[in-house]
A.B. asks: 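Sharing a structure here in structure tokens format.
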Amino acid sequence: MSSVFGKPRAGSGPHSVPLEVNLAILGRRGAGKSALTVKFLTKRFISEYDPNLEDTYSSEETVDHQPVHLRVMDTADLDTPRNCERYLNWAHAFLVVYSVDSRASFEGSSSYLELLALHAKETQRGYPALLLGNKLDMAQYRFTHTTGHACKTQSYAWLPLPPQPDSPSNNP
Ligand SMILES: Nc1nc2c(ncn2[C@@H]2O[C@H](COP(=O)(O)OP(=O)(O)OP(=O)(O)O)[C@@H](O)[C@H]2O)c(=O)[nH]1
């Protein structure tokens with residue numbers, strides 16, 4: 001049996017029930033979460049939307065020829081994670097967004113990655129999580145992050161994997 005986001009498929013073939021996947025978009029204010037969500041859902045960049053609105057959108061997608069009912073929660077925390085249970089208990093997967101032209105935005109993504117690591121440890125489950133650098137058109141203003149960026153990416157590379165009983169991170 002194959003799977004998407006670690007969950008078993010409901011079936012196969014044209015009459016299969018769509019798999020339901022909840023995706024939470026996390027990140028510091030201004031990283032571009034709302035713009036990214038709108039762009040993904042409408043396939044174009046829209047500059048007029050309510051950036052402060054936290055909302056959940058639905059979309060029918062096809063992944064590996066299978067229907068997927070995708071729900072996307074565009075979160076609107078302030079500068080740090082707040083009342084995280086609303087998305088931690090809801091989402092099957094997480095997208096942590098930062099803006100490539102903002103060091104503060106990149107550094108702010110740490111708190112989300114740490115939160116997700118803690119959540120995975122506490123629930124003894126693995127959650128797909130992706131760190132995404134947004135606003136690539138602003139790359140000429142990209143902050144320098146040579147070693148820090150590489151270290152951070154590697155530190156959290158294990159997030160999608162289920163916690164291992166013998167893992168050093170489980171034995172503080
Ligand atoms: N140049 C450029 N600007 C972008 C891009 N994506 C978003 N923006 C702009 O960045 C600003 C913040 O975008 P939002 O989508 O509101 O960011 P957010 O992360 O949802 O912010 P909060 O709702 O406050 O958490 C807006 O002015 C957007 O138009 C992009 O890819 N390129």
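Every number for a ligand or one of its atoms is a count from 1 in the order of the listing. Numbers here are sequence positions counted from 1.
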A.B. asks: Counting only nitrogen or oxygen atoms and a 3.5 angstrom limit, does Asp77 reach ligand 1?
C.D. replies: no
A.B. asks: Tell me the closest heavy-atom pair linking Ala104 and Arg28, and the distance in Å.
C.D. replies: O-CD, 3.4 Å
A.B. asks: Charged N to carboxylate O under 4.0 angstrom, Asp77 versus Arg86?
C.D. replies: yes
A.B. asks: Please identify which atoms of ligand 1 are closer than 4.0 Å to at least one heavy atom of Arg28.
C.D. replies: 19 (O)
A.B. asks: Check Thr75 against Ile25 and note the closest heavy-atom contact, atom names and distance.
C.D. replies: OG1-O, 2.6 Å
A.B. asks: Would you name the heavy atoms of Val72 and Trp90 that are closest together and state the gap between them?
C.D. replies: C-CH2, 4.3 Å
A.B. asks: Can you find an N or O of Gly32 that's nearer than 3.5 Å to an N or O of ligand 1?
C.D. replies: yes
A.B. asks: What about Tyr127 and His92, are their ring centers closer than 6.0 Å?
C.D. replies: no
A.B. asks: Within a distance under 4.0 Å of any heavy atom of Lys33, pick out the atoms of ligand 1 and give their elements.
C.D. replies: 15 (O), 17 (O), 18 (P), 19 (O), 20 (O), 21 (O), 22 (P), 25 (O)
A.B. asks: Return a yes/no value for Asp137: is any of its N or O atoms, backbone included, closer than 3.5 angstrom to an N or O of ligand 1?
C.D. replies: yes
A.B. asks: Minimum heavy-atom separation for Leu23 to Leu95, with atom names?
C.D. replies: CD1-N, 4.0 Å
A.B. asks: Pull out every atom of ligand 1 sitting under 4.0 Å from any heavy atom of Ala35, numbered as shown with elements.
C.D. replies: 6 (N), 7 (C), 15 (O)
A.B. asks: Hey, is Met138 touching ligand 1 through its side chain, its backbone, both or neither, going by heavy atoms under 4.0 Å?
C.D. replies: side chain
A.B. asks: If we set the cut-off at 4.0 Å for heavy atoms, which region of Val97 has an atom near ligand 1: side chain, backbone, both, or neither?
C.D. replies: neither
A.B. asks: Without hydrogens or angle criteria, can the side chains of Asn134 and Ser99 be said to hold a donor-acceptor pair below 3.5 Å?
C.D. replies: no
A.B. asks: Which ligand 1 atoms does Ala31 reach within 4.0 Å, using its non-hydrogen atoms?
C.D. replies: 17 (O), 19 (O)
A.B. asks: Quick one: closest heavy-atom pair of Tyr87 and Phe94, and the distance?
C.D. replies: O-CE2, 3.9 Å
A.B. asks: Does ligand 1 have an atom under 4.0 Å from some heavy atom of Gly30?
C.D. replies: yes
A.B. asks: Would Ser34 count as being in polar contact with ligand 1, using the rule that some N or O on each side must be under 3.5 angstrom apart?
C.D. replies: yes
